[in-house]
Novice: 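Just passing along the structure, written as structure tokens.
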Amino acid sequence: MMRRRPCMMPMNTMPANTMVYPTKCNEVNTCSESVVNHIHPSHTTCVNHHLVKNVHYYPHTTSNQYTVDQINVNGGPVPPMFNQMGMNQGNFPR
């Protein structure tokens, strides 16, 4: 039986107000009957076992890390060294 391809309009030629829905698929079932012979053979396998013992070791090392944090603080209009030298707001060098 030959299958026919669905006829579809290219998307770029469709008007803006066109809605395209998914293809509705129908299925037709037929039934038939046949006879199937079932044969059940048997077999014995002798299995020889061998154990492999895996020994695990866990060497461990240690390392150090150092971090440095930094902040900025607003100290005001006059640095402290000028106040220690006797220079305040009134006699600040210009």
Side-chain angles (χ1 to χ4, degrees):
M1 179 195 309
M2 290 184 58
R3 289 191 168 174
R4 298 177 69 193
R5 285 188 154 170
C7 180
M8 297 183 66
M9 185 183 293
M11 294 300 287
N12 57 359
T13 62
M14 288 187 189
N17 60 352
T18 300
M19 298 280 298
V20 177
Y21 293 91
T23 303
K24 182 178 178 182
C25 295
N26 296 314
E27 184 176 295
V28 176
N29 294 296
T30 59
C31 293
S32 63
E33 185 177 306
S34 62
V35 174
V36 176
N37 296 318
H38 295 269
I39 301 171
H40 301 276
S42 114
H43 172 78
T44 301
T45 300
C46 296
V47 179
N48 298 302
H49 297 277
H50 174 79
L51 174 66
V52 174
K53 187 182 285 187
N54 295 302
V55 179
H56 297 267
Y57 297 96
Y58 300 92
H60 179 77
T61 60
T62 302
S63 63
N64 294 306
Q65 292 183 345
Y66 299 94
T67 63
V68 175
D69 295 318
Q70 178 176 314
I71 61 170
N72 293 307
V73 179
N74 186 352
V78 179
M81 65 178 192
F82 288 118
N83 286 336
Q84 291 172 359
M85 296 168 62
M87 299 180 165
N88 55 26
Q89 287 290 71
N91 61 4
F92 191 74
R94 297 179 196 242

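This structure is a prediction, so every number in the text was calculated from the model and none was measured.
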Novice: With a 4.5 Å cut-off on side-chain heavy atoms, are N26 and K24 touching?
Specialist: yes
Novice: Sort and list the pairs that fulfil side chain to side chain donor-acceptor pair (under 3.5 Å) and have at least one residue in residues 33-45, not counting sequence neighbours.
Specialist: H43-T45
Novice: Does anything in residues 55-68 pair up under side chain to side chain donor-acceptor pair (under 3.5 Å), and if so which pairs, sequence neighbours excluded?
Specialist: none
